[in-house]
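Side chains included, hydrogens not; waters and symmetry mates left out as well; all remaining heavy atoms used. In this chain, residues are counted from 1 in sequence order. Everything quoted here is computed from the prediction, not taken from an experiment.
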Amino acid sequence: MRVVFSCENTTYHWWQAEFLRYTYVQAGMHAELTALVAATEEPEIAFSCNSVRVANYKNSVPNAPLLVLNKPGGIAEWAALDGPGDETVLIVDPDSMFVRPVVDPGPLPAGHAYSEEHGYMCVDIPGNRTVIDRHCRQEVRARVQPVGIYICINRACLAELAVCWLQKSIEIAADPVCREALSGNGWLSDMWGYAIAAAELGIHHQLMGFSQMTGSNSLQNPITHYCFPLMENRNDYWEPDTQKPILWSKWTYRPWENPPDFFGTTIEGEILLERLREFVSSRTDPLEMTEAVGR
């Protein structure tokens, strides 16, 4: 199995990638971890894990920069490189912390994949239905599944899928009707690009749990996706319009500062902040830390 993730050549994504690699090793993962690093104007940053430099696709839609397009773009570039077609690929996000190993499902036949189910991708939501009706062939619309990151799939299958995934994502992001239907932003464009491309190519996903999000108060799954801030009170849940006191957030974290004490937050939050503190302590070279923050 190969594990890949998409990120940019920025300090913001670099510290997440380094922390991801740290928890990956601590959890006992042995598969190769590869960062697909989209080019930026910043000086090239050295990633500790294996990395492949790819183009930056966020300007693929004129006048509407969209970072999420780097995921299908970078994956399409990487999947087209020479590599074993029967290799199983696990796609993760950089803001991921491994709690325990993800079990290798073994060889996956073409047309078969695993993915998480996402409620906001439900095909019966009116805005989502608009996207499907405008960008999915009518004869395969019943096959569309509410899937997205995290994804486990055969590499040869991914190579074909990624090309269509990128094109669909760009078309959806460029469609003003879809942007309005998806609450006026394009951050779901790549997820709908994936779901529709998979349906059109006849790829069916078995739904399974790979991760829990911050705020879930759960360690049920092997990965914690720290996409949302941790709240000071474990009974509070962060929402854009009700931002109660925040304990820690990836958006405001300064690498390589010690995180706050985790007492009182959710159980997955406790492990996240504990591992982050261990990770910071492991970076013992003050000069290295100073240079890293200054990049």
Participant: Would you call Ile149 and Phe210 a side-chain contact if the rule is heavy atoms closer than 4.5 Å?
Facilitator: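 Answer no - side chains too far apart.
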Participant: So which atom in His118 and which in Met191 form the shortest heavy-atom distance, rounded to 0.1 Å?
Facilitator: CD2-CE, 3.7 Å
Participant: I'd like a table of donor-acceptor pairs (distance under 3.5 Å, sequence neighbours excluded) in which one partner is a side-chain atom from residues 269-277, with atom names and distances.
Facilitator:
residue, atom, partner, partner atom, Å
Glu270, OE2, Arg234, NH2, 3.2
Arg277, NH2, Pro259, O, 2.3

Participant: Does Phe228 offer a backbone N or O that forms a donor-acceptor pair with the side chain of Thr214 under 3.5 Å?
Facilitator: yes
Participant: Within the 4.5 Å heavy-atom criterion, are Val37 and Glu44 side-chain neighbours or not?
Facilitator: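 A side-chain contact under 4.5 Å is absent here.
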Participant: Which residues satisfy the side chain to side chain contact (heavy atoms under 4.5 Å, CB included) test with Thr10, sequence neighbours excluded?
Facilitator: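 Thr10 satisfies side chain to side chain contact (heavy atoms under 4.5 Å, CB included) with Glu8, Tyr12, His13, Thr40, Glu42 once adjacent residues are dropped.
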Participant: Please check: side-chain N/O of Glu268 versus main-chain N/O of Gly215, any donor-acceptor pairing under 3.5 Å?
Facilitator: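 Indeed, once roles are kept as given, a pair shorter than 3.5 Å links the two residues.
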Participant: Check for a donor-acceptor pair, side chain of Asn56 on one end and backbone N or O of Ala39 on the other, with a separation under 3.5 Å.
Facilitator: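 It does hold such a pair.
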Participant: How long is the gap from CG on Leu188 to CG on Asp190, to the nearest 0.5 Å?
Facilitator: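 Taking CG in Leu188 and CG in Asp190, the distance rounds to 8.0 Å.
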Participant: Has the side chain of Arg155 got a donor or acceptor atom that lies under 3.5 Å from a matching backbone atom of Pro84?
Facilitator: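 No, the answer is negative, given that no donor and acceptor are paired below the 3.5 Å cut-off.
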Participant: Got Ile75 and Val89 here, is their nearest side-chain heavy-atom distance under 4.5 Å?
Facilitator: no
Participant: Side chain of Asn154, backbone of Leu108: donor and acceptor closer than 3.5 Å?
Facilitator: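 Present.
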Participant: To check you understand the geometry: which heavy-atom pair defines the closest contact between Pro94 and Ser6, and what is its length?
Facilitator: CD-O, 3.4 Å
Participant: Shortest non-hydrogen contact from Val61 to Ile170?
Facilitator: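 Smallest interatomic distance, heavy atoms only, reads CG2-O, 3.8 Å.
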Participant: Are the aromatic ring centres of Tyr57 and Trp165 under 6.0 angstrom apart?
Facilitator: no
Participant: To the nearest 0.5 Å, what is the distance between CD (Gln26) and OG (Ser282)?
Facilitator: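 Separation between the atoms: 8.0 Å.
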Participant: For a quick test of reading the model, state the closest non-hydrogen atom pair linking Cys136 to Glu200 and the distance between them.
Facilitator: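 Looking at all heavy atoms of both residues, the shortest contact is CA-OE2, 3.5 Å.
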Participant: What residues form a side chain to side chain contact (heavy atoms under 4.5 Å, CB included) with Ala17, not counting sequence neighbours?
Facilitator: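 Side chain to side chain contact (heavy atoms under 4.5 Å, CB included) check on Ala17 returns Phe5, Phe47.
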Participant: Within the structure provided, determine whether Tyr114 and Leu90 are in side-chain contact (heavy-atom separation under 4.5 Å).
Facilitator: no
Participant: If you define the side chain from C-beta out and look only at heavy atoms, does anything of Pro105 sit under 4.5 Å from Met1?
Facilitator: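 The answer is yes; the side chains approach within 4.5 Å.
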Participant: First locate atom CG of Asn63, then atom CG of Asn59, and finally report the distance between them rounded to the nearest 0.5 Å.
Facilitator: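 Going from the CG atom of Asn63 to the CG atom of Asn59 covers 9.5 Å.
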Participant: Ser60 and Leu69: which non-hydrogen atoms are nearest, and at how many Å?
Facilitator: CB-CD1, 3.9 Å
Participant: With rounding to the nearest 0.5 Å, note down the distance linking CD in Gln16 to CG in Asp95.
Facilitator: 5.5 Å
Participant: Does the gap between the ring centers of His225 and Tyr150 come in under 6.0 Å?
Facilitator: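 Centroid separation for His225 and Tyr150: below 6.0 Å.
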Participant: Could you state the interatomic distance from NZ (Lys168) to OG (Ser189), rounded to the nearest 0.5 Å?
Facilitator: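 Between atom NZ of Lys168 and atom OG of Ser189 there are 13.0 Å.
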Participant: May I ask whether Val25 and Met97 are part of the same hydrophobic cluster, defined by side-chain heavy atoms of I, L, V, M, F, W, Y residues being less than 4.5 angstrom apart, directly or through others?
Facilitator: no
Participant: Set out, in order, the CA-CA distance, both residues' side-chain angles and the distance that settles side chain to side chain contact (heavy atoms under 4.5 Å, CB included) for Phe19 and Tyr226, then state yes or no.
Facilitator: CA-CA 12 Å; Phe19 182 50; Tyr226 56 93; 3.8 Å; yes
Participant: Hey, does the side chain of Gln145 reach the backbone of His205 with a donor-acceptor pair shorter than 3.5 angstrom?
Facilitator: yes
Participant: Are the side chain of Asn9 and the backbone of Pro43 linked by a donor-acceptor contact shorter than 3.5 Å?
Facilitator: yes
Participant: Is a donor on one side and an acceptor on the other found under 3.5 Å between the side chain of Thr88 and the backbone of Gly106?
Facilitator: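 It does hold such a pair.
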Participant: Is the gap between the ring centers of Trp238 and Trp248 under 6.0 Å?
Facilitator: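 Between Trp238 and Trp248, the centre distance exceeds or equals 6.0 Å.
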Participant: Just wondering, are more than 12 heavy atoms of other shown residues or ligands nearer than 6.0 Å to CD in Glu180?
Facilitator: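 No, CD of Glu180 has 12 or fewer neighbouring heavy atoms, counting only those of other groups under 6.0 Å.
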Participant: Does Ser216 use its side chain to pair, donor to acceptor, with the backbone of Met213 at less than 3.5 Å?
Facilitator: yes
Participant: Could I get the full list of ring-ring contact (aromatic ring centres under 6.0 Å, His included) partners for Phe98, not counting sequence neighbours?
Facilitator: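 For Phe98 the ring-ring contact (aromatic ring centres under 6.0 Å, His included) partners, ignoring immediate neighbours, are Tyr24.
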Participant: Taking Trp251's backbone N and O only, do any of them form a donor-acceptor pair with Ser249's side chain (distance below 3.5 Å, no angle check)?
Facilitator: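 A pair under 3.5 Å: yes.
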Participant: Please list all pairs passing the salt bridge (charged side-chain N to carboxylate O under 4.0 Å, His left out) test where one or both residues lie in residues 102-123, with sequence neighbours left out.
Facilitator: none
Participant: Taking the side chain as C-beta and beyond, is there a heavy-atom pair between Arg143 and His204 under 4.5 Å?
Facilitator: no
Participant: Less than 4.5 Å apart, side chain to side chain, heavy atoms only: is that true for Val280 and Glu257?
Facilitator: no
Participant: Which heavy atom of Cys164 sits nearest a heavy atom of Leu201, and at what distance?
Facilitator: CB-CD1, 4.4 Å
Participant: Under 30°, 30 to 60°, or over 60°: which ring-plane class applies to Trp256 and Phe279, parallel, tilted or perpendicular?
Facilitator: perpendicular
Participant: Please enumerate all residues that pass side chain to side chain contact (heavy atoms under 4.5 Å, CB included) together with Ile125, with sequence neighbours excluded.
Facilitator: Cys122, Asn128
Participant: Taking everything shown except Gln220 itself, do over 12 heavy atoms lie less than 6.0 Å from its CD?
Facilitator: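 No, CD of Gln220 has 12 or fewer neighbouring heavy atoms, counting only those of other groups under 6.0 Å.
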Participant: Which value, rounded to the nearest 0.5 Å, describes the distance between Gln212 atom CD and Ile267 atom CD1?
Facilitator: 8.0 Å
Participant: Kindly work out whether a path of hydrophobic side-chain contacts (I/L/V/M/F/W/Y, heavy atoms less than 4.5 Å apart) joins Val4 to Leu20.
Facilitator: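 Val4 and Leu20: one cluster.
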Participant: Counting neighbours of CD on Glu87 that are heavy atoms of other residues, nucleotides or ligands and sit closer than 6.0 Å, is the number greater than 12?
Facilitator: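 Atom CD in Glu87 is crowded, with more than 12 foreign heavy atoms closer than 6.0 Å.
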Participant: Here's one to test your reading of the geometry: is the NZ or CZ of Arg254 within 45 degrees of the ring axis of Trp15 and under 6.0 Å from its centre?
Facilitator: no
